[in-house]
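Below you will find the structure I want to go over with you.
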Amino acid sequence: MPWETHLLDKSIACEVVGLQLWEPVDDRTIDELRALWARHPVLVFRRQALSEDELADFSARFGSLERVVRTDWASPVRPEVGVISNLKDGKGKPIGGLGDGEIQWHSDQSYMLYPATGAMLYALELPPEGGTTSWVDLSAAYEGLPDRLKRAVEGCRAIFDYAKRLAGYQGVDRVISEEAKRKTPPILHPLVHTHPVTGRKALYLDSTTTIGIEGMDERSGSALLEEIYKHATQPEFVYRHHWQVGDALLWDNGFTMHRREPFDPSARRLMKRTTMFLSRERHIVPEGSLVAAT
Ligand code: SIN
């Protein structure tokens, strides 16, 4: 299947044109996509028409699929697929998660000891305005840090806590099962990583879960994090994606964060998402430690 690529914005996002992901994709193409993905953390495939099985099966070519702790957002048909939507069923129960509000800069799974850092999001229904998603390139952000901040973050580990993210959610999304609580204790991840393919250093951040820095008092840790987030989310490091129905985006949470803008609650938005464990040979995959164990 012939295909080509177009850079969408600096180097962070790259559009892949010519692949129909509902058709079999050969191993060679998957290898080429893997190599492309190592360099461009956001790959955009437009004009797709995917069933849940097709979305999950294509995603699984990049790593085994994770069933995320939000089992309440899982598709009843294919549980590895998460439903991201503000829609409700006939009884007024949300059919998925994340509603219509703003979602601040975050990295999926940062609160897990072994984060599954690959993600794919597929757009089925979109609001006329808002609901735009942006990604920030944390390699470029690292490289742009003043030397003073590079020195300050070197060797640091941040504390990532899912309880902070939950507090920022709307309504029922704030409630998780006892099992999900047990799986998400506060953990530590290094703030700086090196990409195994490109050799570039990158920050690892999530403004919705970091609550401090190991070994620093609360005020100094928060002040340093604040400064890093302010620097990292400057427009020069950001790709803003204007969704079209049929877009499927693959991204690497190992060296990006993303945020979603809010949209009109009376509009309809329906997205489906998969989450993959990526290989350490090709991707930044942070390895966490329990806060309590240190
Ligand atoms: C997410 O943060 O994973 C969802 C992003 C979106 O709804 O655009």
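All figures in this text were calculated on a predicted structure; none of them were measured in a lab. The chain is numbered in sequence order, starting from 1. Counting starts at 1 for both ligands and their atoms, following the listed order.
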Counting only heavy atoms from other residues, nucleotides and ligands, does the tally under 6.0 Å from CZ of R280 exceed 12?
yes

Hey, any chance L203 and V238 share a hydrophobic cluster, counting ILVMFWY side chains that come within less than 4.5 Å of each other, even indirectly?
yes

For ligand 1, give me the residues whose heavy-atom distance to it is below 4.0 Å, by chain and number please.
I84, L98, H106, D108, L121, T133, H258, R260, R269, R273

Examine the side chains of W251 and N253 and answer whether a donor and an acceptor come within less than 3.5 Å of each other.
yes

Using a strict threshold of under 4.0 Å (side-chain N to carboxylate O), is an ion pair present between E179 and R182?
yes

Answer with yes or no whether the side chains of H241 and Y239 bring together a donor and an acceptor at under 3.5 Å.
yes

Sequence neighbours excluded, which residues qualify as side-chain hydrogen bond (donor to acceptor under 3.5 Å, both in side chains) partners of E129?
none

